[in-house]
Structures are given as structure tokens and as C-alpha cells.
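Please read all numbers here as calculations on a predicted model, not as lab measurements.
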Protein chains: 2
Amino acid sequence: MYRVDHTPLRYRIHQKIRDKIIYKVWKSGTILSEGELAKSFNTSRTPVREAIRQLETEGLIRVIPKKGILIPEIEDKEIEDISELLEIIHCRAVEKAVEKVSPKDIERLEKIIAEADNYIGKKTKINKVIALGIQFSELILKCSGNKRFLEIDKQIRGHMIRFTSELCDDEDRSKIGWNTRKEIVAALKKKDKRLAGLKMRKHYQKGKKFLLEISNSGSKRSAKKRGRSK
Amino acid sequence: MYRVDHTPLRYRIHQKIRDKIIYKVWKSGTILSEGELAKSFNTSRTPVREAIRQLETEGLIRVIPKKGILIPEIEDKEIEDISELLEIIHCRAVEKAVEKVSPKDIERLEKIIAEADNYIGKKTKINKVIALGIQFSELILKCSGNKRFLEIDKQIRGHMIRFTSELCDDEDRSKIGWNTRKEIVAALKKKDKRLAGLKMRKHYQKGKKFLLEISNSGSKRSAKKRGRSK
DNA sequence: CAGTGGTCTAGACCACGGA
DNA sequence: CCGTGGTCTAGACCACTGT
């Protein structure tokens, strides 16, 4: 066994932990520790430690001193705050994008939508659809020209995936989300700045509403009230 | 010598490095290394390493593989991007604050302004004035009720301080900044959401304009073109 | 008062960069 | 080919937890 992958270990560990959180392999309420994690990855504690630190600044975990590493519950307030932040960033981004977007960008956006259309409703493709949604958002952010937008989005995207990973198996809602995206692209084509912003706002407002509905409807299949595991 | 301060070492190191960057003790273009820093702080490299990692995600340094830790130049694009991000966040924040702000909050805002008035123009108090500006912003962000806003702001505030630390010794411009803040408080008092947002936008637009002017006017006293030191 | 979790030290290792 | 910078390991230490 020789070393082939030269990406830093801390980075790979970060990804693995992140995935297990946002795709709900580890449920909210779970408490971990540096030591356990290090053992499970067959490494020493330092790279784990650094990954943890990263995840903490991203807000995906909470380190409770002398207790352990907690995967926090999803709070309604959290959903609202993050949705709002994403909304204002993406609205501004799409408004700027109107003036900067190239025909080729439009083409790529449409391609993403077309691909998503094929997958919507197919349960095995949920993650694929989510990934396409991310591609869509990222492309628009790139068109805005503001690098910070992309960075912030990347930082908090994990939360959004975590939220939506239990939403996107709802076919109707998913369809509405992608329909709004179509409207956004249409607005971009028409170079209608106001409309683009409006539709983007609608997109996030609806998204927030759906997320809150699910959160409050309580039990779907993952215990919302008490999710404790070890 | 017994250990009294129980804040993590990495945190203190982070602060020290951060301060040296944003207050321009270390100029843009400087290249450092983990080892040097560790020696200068009389610690091992691990806590330094973690501080570096933190500063990197904040964007205050750039790690160049096998070369060292670079303190990047201030780019105009950077100023524009960050100003824009802060603008949209603070605009939304102040608009929400209109409906949530308490009389006591208003009082505190006015107190901050009054205190700043005393210091403006006094060169020895530059950092004090900057600190008051931060307090002002933070208070409004808090009133907005969105915790993410505060978090993002905290993350990128370092950059803004770095930018403004060479701006704020300009008395006139500083005065304009604080006058706008007075207008913002007035709008909050009148519960005029639209006006508050407008003034906040004005605040950041002007701020951006000033920063770019200075950046482009080139040489003030700190070498803008070539700042190399070791 | 043992156990566990968090922090830091010392040092090994490896890859790359620059004489 | 040596120096240097980045990464990871092993392990010591100390504070707090929960019996």
C-alpha cells in the first residue's frame, strides 16, 4: 500500500465527516470525540483535530468542552437565518449576472435544468438532483463576478444540503424548485434584472417555506424530537 | 511563571498574527513560515499551524505550497467584492432592525456616535474610532436577529479593518462616515425602513469609493507597489 | 479519583525548490 | 542534493466529568 492520493489527510477527513453529517448518516444529537474519530480513520488525532476545527467554523458541528463533538439539531431559526443569507446573496448575484452572463453560460444553465428534469422523482437520483442544483447556483454566482459570494455560499452550502436532503424526495416540491429556476434563466435571457431578482427571491422564499413545513410537520421518518445515537 | 490565561494558545496566536496583518505591522508581500512564527511565539508548530489554517479560511493570508505564508496585496477587486457583500448584509440587517430595535439599542447607538465624535481627527485615537465603528455595525447586526449575519461579518471584518486602517486618518472622510451613521440612527428612530436601507447602502458605497481612491492614488506612506520585508 | 477529552510538544517523514 | 516547508505521529499534560 503506497501513498497515491496527495490531498492532505485533514481535508479528506473533513469531507468524510461532512458527508456523514449532511447526508444524515450520523443523526443530530450524536456525540463524537477526537479519539474515536482518529481511530475510525486510522490516523493520529492531529488531522482529525484540524478537520474538526474546520467543520466548527462552518457551523456543522459544535464542540462542547469536555463533553465531545456534537452534531446539532436543525433549528427552525437556523433554517430561516441561512435561507435569508443565501437569498440576499443569490438575488444580488443574479441581478449582476444579468449584465455579465454569456450565451454559453445560458446554454450550460439550460443543460443543467434539462438533466435535472430527467432525474426528478427518481429516488435513487436524489443526490444527483441536489448536485445539479448546486451547479446551477454556483454558475450564477460565478457570473456575478464576486468571488466572496462563491466563498460564502460554499461555506454554508453544507447546511442547505443537510436541510434539503430530507426535502428533495418530495417530487412536487422539487418540481416547483426547478420550475422557478427555469423562470430565472428566462429572465436572464431577457436581460430583465428586476425579474431575475424577483424570481430568485421567490426561489429561496419557497425553499425556506418548504423546509420549515417539513421541520414542523415533525416526524417523517427521521426522529426530529429525540435523535440520540452512539 | 504559572499558566493563568486559559484561552487556547492557537487562539491567542491567531489574534496576534491577525493584528499584525490588519494593522500593517507586516506589510503585503511579506512571506512567513510556520517555523519562524513558532519560534517567535515560543511554542511548537501545531498551534501556529491551526492559527494559520484559521487565517487562511478568513482569507487574510495565502499559503503557497513549499514557499511559505504570504500576506497578499490588497487588490481593488477584493475591496469591491467585500464592500458589496457587507453592503447587502448590512442593508438587509438595518431594514430588519427597524422593526426590532429597542429604545435602549437606539440609546447605545447614539452613545457610540457621541463617543466617536470626540475622537475623530485625533491621530492617536484612530484604532478607537475603528473599534467604535465595529461596535456600531455589530449592534445593528444583532438587532436584525440573524446570527449568520454577525458571523459572516466577523469573518470578513478583518479585511475591512485592514483596508480602513489606512483610510481613517483622513479626518473629512471619517466625518462623512459618521454622519451617515447618524442618518441611519435617525431613520431607525423614525422606523423608516426604506430610508434606513438607503442610508446604509450610501454608507458602504461611499466607503468603497474612498477605499478605491486611496488604493489608486498609489503612494501614501506605505509602499503599495513593492512591500517586501523579512 | 479514575477516565476522558482537549491542547500542546517534540520530532519524524516526505516532497519540493533552489543553489 | 541539501535546505526548508508542510504534514502527520506519538505521547505528555492538565482540566474537568461523573461516578
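A:Arg10 comes within 4.0 angstrom of the backbone, heavy atoms only, and of no base.
With sequence neighbours left out, the side-chain hydrogen bond (donor to acceptor under 3.5 Å, both in side chains) criterion links A:Tyr119 to no other residue. Among residues two or more places apart in sequence or in another chain, the side-chain hydrogen bond (donor to acceptor under 3.5 Å, both in side chains) test is passed with A:Lys208 by none.
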Once base and sugar-phosphate atoms are separated, protein heavy atoms under 4.0 Å mark nucleotides 10-19 of chain D, 5' to 3', with B, S and - as B-B--BSSS-

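Between A:Phe136 and A:Trp178, the ring planes lie perpendicular to each other; the angle is over 60°, past the 30° to 60° tilted range. Note: B:Phe163 and B:His159 have tilted aromatic rings, judged against thresholds of 30 and 60 degrees for the angle between ring planes.
Looking at the side chain of A:Glu36, the nearest of the listed nucleotides D:dC8, C:dG5, C:dC8 is C:dG5.
Residues B:Arg10 and B:Thr43 bring no donor and acceptor atom of their side chains to less than 3.5 Å of each other. In this structure, a donor-acceptor pair under 3.5 Å is present between the side chains of A:Arg162 and A:Ser28.
Contact between the side-chain N/O atoms of B:Arg12 and the OP1/OP2 oxygens of C:dT7 is not found at any separation under 4.0 Å.
Atom CD of B:Glu34 is separated from atom P of D:dC8 by 11 Å (rounded to the nearest Å). The distance between atom CD1 of B:Ile64 and atom P of C:dC16, rounded to the nearest whole Å, is 16 Å.
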